[in-house]
Amino acid sequence: MDNDLSPQDKKDLDKFIKFFALKTVQVIVQARLGEKICSSSSSSPTGSDWFNLAIKDIPEVTHEAKKALAGQLPGIGRSMCVEISLKTSEGDSMELETWCLEMNEKCDKDIKVSYTVYNRLSLLLKSLLAITRVTPAYKLSRKQGHDYVILYRIYFGEVQLAGLGEGFQTVRVGLVGTPTGTITLSCAYRTNLAFMSTRQFERTGPIMGIIIDHFVERPFPNTGHMHACDYRATGEEDGVGYPGVEDSQEVCTTSFSTSPPTQLCSSRLSYQPPMPGAADLCYPAALNSTNPHQMVLPGKEGGVPLMPPQPCHGTQAEHGRVSSCPPADPGHHLSGSLDLPFAAFAPRALNSEENDPMVHPPESPTTASPLHGSLHSQDSVDSAGQTQDDFVMVDFKPAFSKDDLLPMDLGTFYREFQNPPQLSSLSIDVSAQSMAEDLDSLPEKLAIYEKNIDEFDAFVDTLQ
Amino acid sequence: MNCRSEVLEVSVEGRQVDEAMLALLHTILLHRSTGKFHYKKEGTYSIGTVGTQDIDCDFIDFTFVRVSSEELDRAIRKAVGEFKEALSNSGSDGMGQISLEFYQKKKSRWPFSDECIPWEVWSIKVNVVNLANEQERQICREKVGEKLGEKVINIVEVISRHEYLPKMPTQSEVDNVFDTSLKDVQPYLYKITYQITDSLGTSVSTTMRRLIKDTLAL
């Protein structure tokens, strides 16, 4: 019962639980950022490192955790959960694990709050550090990048494990008895990750044995949770603080003895600023109506920004782009074609290549390219010229040519012979015909050769 | 008070021995190290901060967390290196055991030396396997990674039982409980020993290595 606990102990216990919850969230989220975490030991206590562990505080994560808690503390029937999920670049998502900080009714009356509970909570955080590197989501998070990212969501209230699929496993990180109940920390993780290697998330059919719910527009089945101020359980009001727990008093107890704890200056956490990518690519709750916060860091390829913003944005952009492109209209594609936006992408006839200023600068001669010329086989120069109505005819005067030496100059020669008739042997019909004829005439030819064999022999003798 | 004893078993390839041992020993020491104690007047003390860092294994698909202390890491690596060397020199069998023992010192009167009373012993039995080809090695990388993950869960489960721990000492007694020789962290007094087993199963060489200065035994 609470009345066995002194007011000071009660106050301390509440503070410990609050900061333990915040640090738990930090450890879990930082372990899923996709990078190795490193912090330095310090022999001198700074007074700002809760539980004597150097766990940096990412401000956004603390903010989200505090929002989820909304002034309450994890207690009996009120669990704090951190859900880790994966989201692909196509927009599919899947829950990977749920970390649960819970409290049960089993009390340990005799335990010393300011000493034993504190040290055991510190031990539990160390266990959490170790276990977060062991569950399957850790390896996935280390490989996140272009194909997928890892997201987190914090919620308070009842634990939801339905999204983990069938056969999920649970690992207990540890427990700490307190005079008001036993704090337990555990992780439930999805085991059916076999398809991750192929990275094929199909929108139809439970091929992987996963319910189709996962792949609908709104990936999370319990969308109500996501919408209501994103992370706050229903019914909680702003500003309802748990008596005795004040944010301003962020002093952690680092002194131990029978005498009162040393009052140290308030927290001056020496965390490093978050990675440049994280601040830019995380989505504040206000904008992100459906999805949990995305902890995104530059990918493994060294600073390359990760997948583009929410797929729906990308899709809109795609639609926007397509709609601005005019429909293919062969009748119009020649005249004023340069005025059309995205003209290069509009389907056009094969001779449109000349219209493209990139291929033919305006100063170039009006004569069509040889490629174009050959497509108009059997056409004379004039007809080729006639099709180029919007080009100005410029007399082609090749350099170093003189009119008086030759009856025709290079330009005339070029124009005359640029449309040679196709070789008869290359035309399909003729060649097919001749092939058949050749085959038929072979026996006759062989007979003739045999008759004249003496002549051939004499010829060969002359060569020797 | 009985000494708590835990045994962990792993089968690894030769080149994985170092990392597997480091992973497990560091995981245990993470839980059995505190920040440096700073005693003040009136019997109060404050505790320093323990930093942590992730270490990726090169030959195993595994990442473990260790205390950020180069001194401690060096000491553990030295012991593991000696164990590995003894293991490879022993012969083709490749079986051995490395033990991490936490103890308390109890002062005795002259002429008796101080007693070392273990309160927790972790024994890691190692079986070294030989693999034929690269494909087997790749499978072994993953399998040993999973196995080490299970061992970490075992370790954490034992720790969370919150069984006997030496009570926090006064300033004069701190060296009987903690190793205060490191400058940034303070693990409980510990020693690492190992045994190599030959094919007959008997102990061929029992080499004791004391990493912490102990009083000379008479």
Side-chain angles (χ1 to χ4, degrees), chain A residues 27 30-31 35-56 108 111 115-116 118-120 122-136 138-139 142 171-177 184-185 253-262 264, chain B residues 23 26-56 61-72 142 145-146 148-153 155-162 165 167-168 170 182-186:
Chain A
V27 168
Q30 288 176 27
E35 306 226 330
K36 291 200 287 188
I37 305 297
C38 180
S39 60
S40 307
S41 302
S42 166
S43 63
S44 307
T46 59
S48 57
D49 290 324
W50 276 92
F51 308 104
N52 310 118
L53 284 173
I55 298 170
K56 292 171 191 157
D108 187 343
I111 201 167
Y115 165 72
T116 309
Y118 189 85
N119 285 336
R120 288 185 181 180
S122 174
L123 214 51
L124 188 51
L125 275 176
K126 290 173 180 173
S127 297
L128 182 64
L129 281 163
I131 297 286
T132 44
R133 276 67 175 168
V134 158
T135 54
Y138 180 72
K139 280 188 198 150
R142 289 292 299 270
V171 61
R172 194 174 72 179
V173 182
L175 44 82
V176 173
T184 64
L185 187 53
T253 309
T254 59
S255 267
F256 299 90
S257 74
T258 53
S259 52
T262 308
L264 300 157
Chain B
H26 271 303
T27 299
I28 298 165
L29 278 163
L30 169 68
H31 292 87
R32 293 290 181 242
S33 301
T34 73
K36 296 284 288 179
F37 281 15
H38 295 273
Y39 286 92
K40 300 165 207 175
K41 298 174 197 173
E42 300 162 6
T44 64
Y45 62 94
S46 58
I47 307 180
T49 301
V50 172
T52 59
Q53 59 188 98
D54 290 335
I55 305 292
D56 288 336
D61 278 348
F62 193 68
T63 300
F64 64 92
V65 181
R66 70 164 170 87
V67 167
S68 288
S69 166
E70 292 306 317
E71 282 179 276
L72 184 62
E142 293 163 11
E146 287 169 15
L148 287 179
E150 288 172 24
K151 300 304 158 191
V152 165
I153 293 173
I155 292 168
V156 160
E157 198 265 330
V158 169
I159 301 282
S160 73
R161 289 183 210 152
H162 299 300
L165 280 180
K167 66 177 185 197
M168 288 300 155
T170 58
L182 304 174
K183 67 175 184 345
D184 43 13
V185 294
Q186 190 174 285

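Quick note on labels: first sequence line is chain A, next is B, and so on, each numbered from 1. Both backbone and side-chain heavy atoms feed into the values below; hydrogens, waters and symmetry mates do not.
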Review point. Is there side-chain contact between A:Ile37 and B:Asp54, with at least one heavy-atom pair below 4.5 Å?
Key: yes
**Study point:** chain B contact via A:Ser42 - which portion, at a heavy-atom distance below 4.5 Å
**Key:** both
Revision key, fill the gap. Most contact-rich option vs chain B, by heavy-atom pairs under 4.5 angstrom, among A:Ala54, A:Ser43, A:Ser122, is A:Ser43
Point to revise | Beyond-backbone contact of A:Tyr115 with B:Met168, side-chain heavy atoms, under 4.5 angstrom | key: yes
Check your understanding: Given the options B:Val185, B:Thr27, B:Thr49, which has more heavy-atom pairs under 4.5 Å with chain A than any of the others?
Key -> B:Thr49
Check your understanding: Are any side-chain N or O atoms of A:Lys36 and backbone N or O atoms of B:Thr63, one a donor and one an acceptor, separated by less than 3.5 Å?
Key -> no
Review point. Can you tell me how far the CG atom of A:Leu129 sits from the OG1 atom of B:Thr52, to the nearest 0.5 Å?
Key: 5.0 Å
Exercise for review: Rounded to the nearest 0.5 Å, what's the gap from OG on B:Ser160 to CG on A:Leu175? Could you check?
Suggested key: 5.5 Å
Check your understanding: CG/A:Leu125 to NE2/B:His31 distance, rounded to the nearest 0.5 angstrom?
Key -> 10.0 Å
Check your understanding: If we only count heavy atoms from C-beta on, is the B:Gln53 to A:Ser39 side-chain gap below 4.5 Å?
Key -> no
Review point. Can you tell if the side chain of B:Ile159 reaches within under 4.5 Å of the side chain of A:Leu123, non-hydrogen atoms only?
Key: yes
**Study point:** CD1-CG distance between B:Ile47 and A:Asp49, expressed to the nearest 0.5 angstrom
**Key:** 12.5 Å
Point to revise | Contacting region of B:Ser33 [heavy-atom separation from chain A under 4.5 Å] | key: backbone
Point to revise | Under-4.0 Å salt bridge between B:Asp61 and A:Lys139 | key: no
Check your understanding: Less than 4.5 Å apart, any side-chain heavy atom of B:His162 and any of A:Val176?
Key -> yes
Review point. Is there a donor in the side chain of A:Ser44 and an acceptor in the side chain of B:His38, or the other way round, less than 3.5 Å apart?
Key: no
Practice item. Please tell me if the side chains of B:Ile153 and A:Val134 come closer than 4.5 Å, counting only heavy atoms from C-beta onward. Key: yes
Exercise for review: Tell me yes or no: between the side chains of A:Ser41 and B:Asp184, is some donor less than 3.5 Å from an acceptor?
Suggested key: no
**Study point:** Euclidean distance, A:Ile131 CD1 relative to B:Glu157 CD, rounded to 0.5 Å
**Key:** 10.0 Å
Practice item. With a 4.5 angstrom heavy-atom cut-off, could you sort out which part of B:Val50 is near chain A: side chain, backbone, both or neither? Key: both
